[in-house]
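Quick notes on the structure that follows.
We number each residue from 1, following the sequence as shown.
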Amino acid sequence: MLPLARWVMRGTPHAAGAAAAAALVPWLFWLSAAIASLVTLRRGLAPAMPVIVAAALPTGWWWTRGDSIPLATLLLVTLMAVVLRARRRWSETLIVGALAAAVMVQLGVFLPPGGVDPLLETLRQSSPEFARMLDELAAQGVSTERLATLLIGGITGLIVMLASVACLALARSWQAGLYNPGGFRSEFHGLRLTRRELLGLFAMAIVGGLVTWPALVFMSWVPLLIGGVALIHGLIGLKGMNGLWLVAFYALLLTTWPMILIVLLLGLVDTFADFRGRLARSQ
């Protein structure tokens with residue numbers, strides 16, 4: 001996709017046109033967000049604003065049709081691109097993105113138009129088993145509306161956060177391919193949370209629990225997860241292992257919950273152990 005990135009960076013009209021065209025197609029919103037992010041990373045927020053607006057118009061229209069994911073992804077990835085350009089630290093960028101995604105969830109950005117009640121009623125009427133489950137939860141004192149709000153908003157917010165990280169990584173790889181070959185690889189392989197950043201994530205989770213903002217709790221783990229993924233990439237790169245190991249890793253990560261927990265734990269422990277630094281010194 002590097003030829004596309006090269007064409008996009010020929011000028012603002014090219015970038016704006018490509019971002020708008022991609023945003024018109026529902027399942028190409030990620031490409032539109034990546035293009036806007038690339039221009040933001042390279043030129044800054046102000047010069048990238050025409051491209052962002054061009055992408056926001058179609059995604060805003062999708063929002064009015066009930067799909068908030070494209071516009072939310074565009075806004076979130078733009079915010080993270082601004083932070084990454086200014087700070088040049090993936091860990092700080094991920095923390096800011098997690099906070100912003102949590103705020104979106106708590107504001108109800110990802111809930112269906114009209115709230116969850118019409119959706120629950122439709123599901124209740126279409127599925128007797130689902131209706132029975134809702135009745136059982138209500139009999140146990142569980143607020144089905146609040147539970148549905150948490151699940152729909154939380155899962156959608158998590159998808160938007162991960163999609164935004166993927167779009168930002170794609171844009172950063174394009175930027176490196178065009179202007180700094182190999183830069184993204186070394187940058188991502190070196191991603192590691194500092195102890196202060198880890199304490200910040202713990203504080204974020206604790207505050208979320210105290211003020212009953214569940215989104216803060218589960219979003220606080222996303223930077224650790226990405227840090228664990230970067231650790232695996234870095235170790236495989238340092239050992240010069242075959243790329244099939246990464247294929248196997250992602251297959252396990254996407255299909256098994258225990259693998260996700262292992263990667264989270266590795267990202268946590270690496271803050272103190274610095275596995276890549278130890279391996280590099282031993283070689």
- Query: Yes or no on side chain to side chain contact (heavy atoms under 4.5 Å, CB included) for L84 and W90, after CA distance, side-chain angles and deciding distance?
  - Reply: CA-CA 6 Å; L84 183 58; W90 269 92; 3.9 Å; yes

- Message: What verdict does the side chain to side chain contact (heavy atoms under 4.5 Å, CB included) test give for M9 and R43, after you've listed the backbone C-alpha separation in whole Å, the side-chain angles of each residue and the deciding distance to 0.1 Å?
- Response: CA-CA 10 Å; M9 294 305 293; R43 299 176 183 168; 3.8 Å; yes

- Determine, step by step, whether L168 and R172 satisfy the side chain to side chain contact (heavy atoms under 4.5 Å, CB included) criterion, reporting the C-alpha distance in whole Å, the side-chain angles of both residues, the deciding distance to 0.1 Å, and the verdict. CA-CA 6 Å; L168 183 62; R172 195 64 159 176; 5.5 Å; no

- Task: Check the pair L193 / L201 against side chain to side chain contact (heavy atoms under 4.5 Å, CB included), numbers first and verdict last.
- Result: CA-CA 10 Å; L193 272 68; L201 289 176; 3.2 Å; yes

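The line from CD1 of I155 to CZ of F218 is 8.5 Å long, rounded to the nearest 0.5 Å. Remark: T149 OG1 to I152 CD1 distance equals 6.5 Å, nearest 0.5 Å. Taken to the nearest 0.5 Å, the CH2 atom of W174 stands 5.5 Å off from the CG atom of L4. Annotation: the span from S173 atom OG to N180 atom CG amounts to 12.0 Å, rounded to 0.5 Å. Here the CD-CZ distance, from E92 to R87, works out to 4.0 Å after rounding to the nearest 0.5 Å. To the nearest 0.5 Å, atom CH2 of residue W221 and atom CG of residue L261 are 10.0 Å apart.
Closest heavy-atom contact between F275 and D270: N-OD1, 2.9 Å. For the pair P58 and A20, the tightest heavy-atom approach, listed with the atom from each and the gap, is CG-O, 3.7 Å. The minimum heavy-atom distance linking V39 with A48 is given by the pair CG1-CB, 3.7 Å. When every heavy atom of V217 is checked against every heavy atom of G209, the shortest pair comes out as CG2-N, 3.7 Å. For the pair S220 and A205, the tightest heavy-atom approach, listed with the atom from each and the gap, is OG-CB, 3.5 Å. For G154 against V105, the heavy-atom pair with the smallest separation is N-CG1, 4.0 Å.
Remark: side-chain polar atoms of R85 are paired, donor with acceptor, to backbone N or O of L41 under 3.5 angstrom. In this structure a side-chain-to-backbone donor-acceptor pair under 3.5 Å is missing from W30 to A166. T255 places a side-chain N or O within 3.5 Å of a backbone atom of A251 that can act as its donor or acceptor partner. The backbone N or O of G277 sits less than 3.5 Å from a side-chain atom of D274, completing a donor-acceptor pair. Not a single donor-acceptor pair under 3.5 Å links the side chain of T156 to the backbone N or O of G153. In this structure, R192 contributes its side chain and T271 its backbone to a donor-acceptor pair below 3.5 Å.
Transitive grouping of hydrophobic side chains (ILVMFWY, heavy atoms separated by less than 4.5 Å) brings L264 and V222 into a common cluster. Linking ILVMFWY residues whenever their side-chain heavy atoms come closer than 4.5 Å, directly or via other members, places M219 and L268 in the same cluster. Under a hydrophobic clustering in which Ile, Leu, Val, Met, Phe, Trp and Tyr are joined whenever their side-chain heavy atoms come within less than 4.5 Å, directly or via other members, L151 and W257 fall into different clusters. Both V229 and V269 are part of a single hydrophobic cluster, where members link through side-chain heavy atoms under 4.5 Å apart. There is a path of hydrophobic side-chain contacts, each under 4.5 Å, that joins L246 to L238.
Donor-acceptor pairing under 3.5 Å is recorded for the side chains of S91 and R89.
Looking only at side-chain heavy atoms (C-beta outward), R276 and L231 come within less than 4.5 Å of each other. A 4.5 Å side-chain heavy-atom check between V160 and F110 finds at least one atom pair inside the cut-off. A 4.5 Å side-chain heavy-atom check between I52 and L45 finds at least one atom pair inside the cut-off. Between V116 and P112 the shortest side-chain heavy-atom distance falls below 4.5 Å.
Residue R6 qualifies as enclosed at atom CZ: its count of foreign heavy atoms under 6.0 Å is above 12. Crowding of W63 atom CH2: a count of heavy atoms from other residues, nucleotides or ligands under 6.0 Å exceeding 12. Heavy atoms of other residues, nucleotides or ligands lying less than 6.0 angstrom from CH2 of W245 number 12 at most.
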List the atom pairs, donor and acceptor, that lie under 3.5 Å between side-chain atoms in residues 66-83 and the rest of the protein, sequence neighbours left out.
residue, atom, partner, partner atom, Å
D67, OD1, I69, N, 3.2
S68, OG, V109, O, 3.4
T73, OG1, I69, O, 2.7
T78, OG1, L74, O, 2.7

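At least one cation-pi condition fails for R195 and F272: the charged atom is not both under 6.0 angstrom from the six-membered ring centre and inside a 45 degree cone around its axis.
Using bins of under 30°, 30° to 60° and over 60° for the plane-to-plane angle, the ring pair F184/F188 lands in the parallel bin.
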